[in-house]
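This one's a predicted model, so the numbers in the text were calculated from it and none came from an experiment.
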Amino acid sequence: MNLSFMGSFVFIGGSGATLSLVIGMLLFCKNKSLRLLAIASIPIGIMNVNEILLFGLPIILNPRMFLSFLLAPMANVAIAYSALSLGIMSSPWVSVPFNSPILLNAWIATGGDLSAVLIQALNILVGVIIYFPAIHHLNNQYSNSQIALAALDTSYTRRQEEATSLQADPIASAIQSQKEQQVLEKQIELLSHQDFCLEYQPQISQIDKQLIGCEALIRGKDRKGNLVAPFHFLPWLEKADLMKDVDLWVFRQVVKDIQVMEEKRLTRDGVR
């Protein structure tokens with residue numbers, strides 16, 4: 001096993017057989033942002049460039065990909081070495097730069113042996129299969145599962161984590177972000193079992209002491225019917241980017257309450 005063998009048949013697309021990961025992401029990943037990241041990695045993957053982005057891509061996307069990151073090149077070694085031992089392909093004897101295009105580098109390294117090109121294609125396919133379970137896990141992790149807040153007539157969509165390849169410590173940052181997201185989702189889950197209501201604070205004119213309006217104040221209700229102050233739930237709803245939904249619910253509830261109060265007034269005055 002020489003440098004031509006390693007570059008052409010083991011580190012396909014860079015360390016960790018990254019081209020297999022890129023193809024797998026394009027075929028099976030449902031997350032739009034991750035697919036765009038994979039598309040952006042195609043040119044340097046095809047040129048077999050082992051850039052930091054490619055080297056760190058599996059771990060940045062999800063640390064669980066680390067196992068596939070190790071297994072893919074190991075499988076490539078086993079397949080290519082077995083093909084050499086069985087005489088299926090010629091031994092790579094031509095010195096080929098690591099940044100030679102995929103498929104072409106296998107053909108050049110073996111002096112024009114098409115079987116070597118097929119073996120390299122097989123390695124890419126095997127790498128895609130090895131990465132598939134991790135990609136499937138990503139789909140589950142990034143799925144748009146929602147938490148329904150029936151009381152507010154809205155739902156919270158779990159946020160998708162973004163790759164943080166440009167940060168100083170992307171793994172630590174990703175772990176911290178994941179912890180914060182889990183805390184937020186736990187709080188939203190608790191709020192989904194909570195009811196909400198409005199309290200109306202009268203506004204009195206300082207001139208004639210007459211009632212001129214009222215202010216609608218949102219309150220929460222726990223399972224025992226106790227009122228919950230806004231500062232216990234509004235910050236979490238704000239972090240979840242649900243304040244527009246809260247405002248819309250308050251507006252709708254105020255309209256309903258005004259209609260009920262107007263009907264009661266008309267009934268009391270004997271209009272009906």
Sequence-distant partners of Gln253, side-chain hydrogen bond (donor to acceptor under 3.5 Å, both in side chains), two or more places apart: Asp257
query: Taking only residues two or more places apart in sequence or in another chain, which ones pass side-chain hydrogen bond (donor to acceptor under 3.5 Å, both in side chains) with Tyr81?
result: none
- request: Classify the side-chain pair Asp113/Ser90 by whether it contains a donor and acceptor separated by less than 3.5 Å.
  value: yes
message: Please tell me whether Asn76 and Gln120 have a donor and an acceptor in their side chains that are separated by less than 3.5 angstrom.
response: no
- request: Spell out, as yes or no, whether a donor-acceptor pair under 3.5 Å connects the side chain of Ser205 to the backbone of Ile212.
  value: no
message: Main chain of Ser4, side chain of Ser8: is a donor-acceptor contact present, judged purely on distance under 3.5 Å?
response: yes
task: Supply the atom-to-atom distance Ile79 CD1 to Met74 CE, rounded to the nearest 0.5 angstrom.
output: 12.0 Å
message: Which residues end up grouped with Leu227 if you chain together Ile, Leu, Val, Met, Phe, Trp and Tyr wherever their side-chain heavy atoms are less than 4.5 Å apart?
response: none
- prompt: Apart from Ile207 itself, what residues make up its hydrophobic cluster when side-chain heavy atoms of I, L, V, M, F, W and Y under 4.5 Å apart count as a link, directly or indirectly?
  reply: none
Heavy-atom check, side chain of [X] versus side chain of [Y], under 4.5 Å:
X	Y	result
Pro92	Leu84	yes
Phe251	Asp247	no
Glu185	Trp236	no

- request: Kindly say whether the aromatic ring centers of Phe196 and Phe233 come within a distance under 6.0 Å.
  value: yes
field: Of all pairs that satisfy salt bridge (Lys or Arg N to Asp or Glu O under 4.0 Å), the ones with a partner from residues 211-237, not counting sequence neighbours
entry: Glu199-Arg219
message: If the condition is ring pair (Phe, Tyr, Trp, His ring centres under 6.0 Å), which residues does Tyr200 pass it with, not counting sequence neighbours?
response: none
